[in-house]
Amino acid sequence: MEAVTFVMSSTTFLLECLLRAGMRDVVTVEPATGGVAALAGIATRRDAPSVFVKAFADTPTDDVFVAEAEGLAALRELGGVATPEVILADRELLVLSVLRPRPRSEPFWEQFAHALARLHTSTTHPRFGWHRDNWLGRRRQVNTWDDDGFAFFAQHRLLRWLGQPRVEAALDPGDRAALERLCHRLPDLLPDRPACLTHGDLWAQNVLATPDGQPALIDPAVSYMWAEVDLAHVWSTSPPPEAQRFFQVYAELTALDDDWRSRMPIVQLRQHLAVLAQFDDDWGAGDQVRATLAPFRTRA
C-alpha cells in the first residue's frame, strides 16, 4: 500500500508541475525507473509526442535543472555525444524528449566506446573545473577553476564530502585521516593527465539510446576533469556482460596504459563519497571507501 501511494503521489506531483509550466495537453504521467535522487515520469500528451519529466519534491536550488540542461547541451555541442532534446528547464522541472532503453548488444557498447573516446579526446582544456557550479544528485558540485588537477580532485571531489553528516557517521577519524593522506599522495598514485569535458555521473543507467539506436547520455554533472572519472564510474557500477568490449575499445582509442584498472578504486572514491553523503542505503559505497583507504591508515 505504501509503494502504491508513493507512485500515485509522485506522478500526480509531476502532472501538477507540467500543468503549472503551461503544458496543458498532458493526459497522464507514468513513473519512470532508474533515477535515485529525483522524481521522474513519462508524460503522454494529446497533441505532441510523449516527454520525459523530472522534478524534486523539494528542489535543492533554483539552478539545478538549468545547469543540467546546460550540461546536456555541452556534451552534444562540444563533444558530439547524443543527448535528449531539452523541451523545458526551469526552477521546478526538466522536460526532455524520450529516449529508448539501450540495446543489450556488444556493438552498441563498442559504439559508445567510440563516442566517449571522441568526447574525451576532442575537448581537452588547460584548466580543471567549469564556468559554474552544477549538481550531483541533490548536492552541489563545486567547479572552481584550478590549474592543478590533483589539487582540484582532492579539494572539490574528495575532501569536500567530509563535512557531510552521513559521511561523518560512516567514516571514523582514521578513515578521514587516511583520505587526507591519500589526497596528499595523489601525484604519486595517478598519472598527470589533461582536463577534458566529462559527463561526471556516468553510471550504466545514464547510458540510453536514441530512437535510431545510437548511444545517448542523460543526467550529467559536467566539468573539465580527468577522463578516467567517467571511465571509473562505468567500470565500478556493474556494467552488463555485453559491455566487456567497451573497455578494450576505449583503451585502444585513447592509448590507455595497462595499469588503468588498478587506478579505478581511487578515482571512484569521489562517487562513493557522494553516494554516502546523500542516501541512507549506500549500496556498499561505505565498504568500498574503507577498503580503498585501508592502505593509507597509519599503522602502530
Side-chain angles (χ1 to χ4, degrees), residues 71 74-76 78-83 102-128 148-150 152-154 157-158 182 185-210 213-272 274 284-285 288-289 291-292 295:
L75 291 170
R76 181 175 61 254
L78 301 178
V81 178
T83 62
R102 64 175 182 270
R104 297 179 177 178
S105 70
E106 287 189 358
F108 173 85
W109 280 94
E110 290 186 28
Q111 286 181 312
F112 179 47
H114 281 268
L116 191 65
R118 183 171 60 251
L119 167 68
H120 289 159
T121 57
S122 67
T123 60
T124 55
H125 195 275
R127 305 184 74 192
F128 294 81
D148 186 330
F150 299 113
F152 180 86
F153 188 68
R157 296 297 183 262
L158 297 182
L182 178 149
R185 289 191 54 197
L186 281 174
D188 302 322
L189 301 169
L190 302 176
D192 188 4
R193 301 286 199 219
C196 65
L197 184 62
T198 55
H199 177 281
D201 193 12
L202 196 57
W203 66 312
Q205 293 298 326
N206 285 342
V207 182
L208 297 176
T210 62
Q214 299 301 306
L217 298 180
I218 60 170
D219 291 352
V222 299
S223 67
Y224 287 107
M225 188 53 215
W226 297 318
E228 289 186 12
V229 167
D230 282 345
L231 184 66
H233 208 14
V234 183
W235 175 260
S236 304
T237 51
S238 301
E242 59 268 20
Q244 182 175 357
R245 276 277 297 160
F246 162 82
F247 298 101
Q248 180 181 342
V249 172
Y250 179 89
E252 292 170 354
L253 292 170
T254 58
L256 269 181
D257 60 274
D258 293 338
D259 293 332
W260 68 267
R261 294 172 183 82
S262 66
R263 300 192 291 270
M264 295 295 94
I266 292 175
V267 179
Q268 187 65 1
L269 269 176
R270 169 258 192 174
Q271 197 71 24
H272 289 321
Q288 292 290 335
V289 169
T292 303

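Leu186 is listed as a side-chain neighbour of Ile266, based on a closest heavy-atom distance under 4.5 Å. For the pair Val81 and Leu116, the minimum side-chain heavy-atom distance is 4.5 Å or more. Inter-residue side-chain proximity for Val229 and Arg270 is flagged as met; some heavy-atom pair is nearer than 4.5 Å. With a 4.5 Å cut-off on side-chain heavy atoms, Arg263 and Asp257 count as touching. Put simply, the side chain of Leu231 does not reach to within 4.5 Å of the side chain of Val267, judged on heavy atoms. Residues Glu228 and Leu256 form a side-chain contact, since some pair of their non-hydrogen atoms from C-beta on lies under 4.5 Å apart. Side-chain contact between Leu269 and Phe153: absent, with no pair of heavy atoms (C-beta onward) separated by less than 4.5 Å. The shortest side-chain heavy-atom distance between Gln111 and Gln214 falls under the 4.5 Å cut-off.
When all heavy atoms of Pro103 and Ala209 are compared, the pair lying nearest together is CD-CB, 3.9 Å. Summarising the geometry of Leu119 relative to Gly79, their closest heavy-atom pair is CD1-CA, 3.6 Å, with the distance given to 0.1 Å. Pairing each heavy atom of Ala216 with each of Thr210, the nearest pair is CB-CG2, 3.9 Å. The two residues Pro220 and Gly71 make their nearest non-hydrogen contact at CG-C, 3.8 Å.
When the side-chain hydrogen bond (donor to acceptor under 3.5 Å, both in side chains) test is applied to Thr198, no partner is found at least two apart in sequence or on another chain. A search for side chain to side chain contact (heavy atoms under 4.5 Å, CB included) contacts involving Glu252 returns Gln248, not counting sequence neighbours. With sequence neighbours excluded, the residues satisfying ring pair (Phe, Tyr, Trp, His ring centres under 6.0 Å) with His120 are Tyr250. For Pro265, the side chain to side chain contact (heavy atoms under 4.5 Å, CB included) test picks out Thr292, with sequence neighbours left out. For Thr124, the side-chain hydrogen bond (donor to acceptor under 3.5 Å, both in side chains) criterion is met by no residue, not counting sequence neighbours. With sequence neighbours left out, Leu253 forms a side chain to side chain contact (heavy atoms under 4.5 Å, CB included) with His114, Ala117, Val249. Residues satisfying the salt bridge (charged side-chain N to carboxylate O under 4.0 Å, His left out) test with Arg102, not counting sequence neighbours, are none. Evaluation of the side-chain hydrogen bond (donor to acceptor under 3.5 Å, both in side chains) rule for Arg127 yields Asp147 as partners, not counting sequence neighbours. Remark: Tyr224 pairs with no residue by the side-chain hydrogen bond (donor to acceptor under 3.5 Å, both in side chains) rule, at least two apart or across chains. In this view, Asp188 and Arg185 satisfy the side chain to side chain contact (heavy atoms under 4.5 Å, CB included) rule, not counting sequence neighbours.
A ring-centre distance under 6.0 Å is not found for Phe152 and Trp226.
In this structure, Leu197 CG and Asp230 CG are separated by 8.5 Å, a value rounded to the nearest 0.5 Å. To the nearest 0.5 Å, atoms CG (Leu75) and OG1 (Thr123) are separated by 9.0 Å. Atoms CH2 and CD, from Trp203 and Gln271 in turn, are 10.0 Å apart once rounded to the nearest 0.5 Å. Between Asp201 atom CG and Leu217 atom CG the span is 11.0 Å, to the nearest 0.5 Å.
Between Phe247 and Trp260, the ring planes lie parallel to each other; the angle is under 30°, not in the 30° to 60° tilted range.
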Mind listing the side-chain donor-acceptor pairs of residues 235-243 below 3.5 Å, one per line with the distance, residues two or more places apart or on another chain?
{"residue": "Ser236", "atom": "OG", "partner": "Ala232", "partner atom": "O", "Å": "2.8"}
{"residue": "Thr237", "atom": "OG1", "partner": "His233", "partner atom": "O", "Å": "2.6"}

So Arg157 and Ser223, side chain to side chain donor-acceptor pair (under 3.5 Å) or not? Walk me through it. CA-CA 11 Å; Arg157 296 297 183 262; Ser223 67; 3.3 Å; yes
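Between the His199 side chain and the Ile218 main chain, a donor and an acceptor come within less than 3.5 Å of each other.
Applying the salt bridge (charged side-chain N to carboxylate O under 4.0 Å, His left out) test to every pair with at least one member in residues 103-114, sequence neighbours left out, gives these pairs: Glu110-Arg245.
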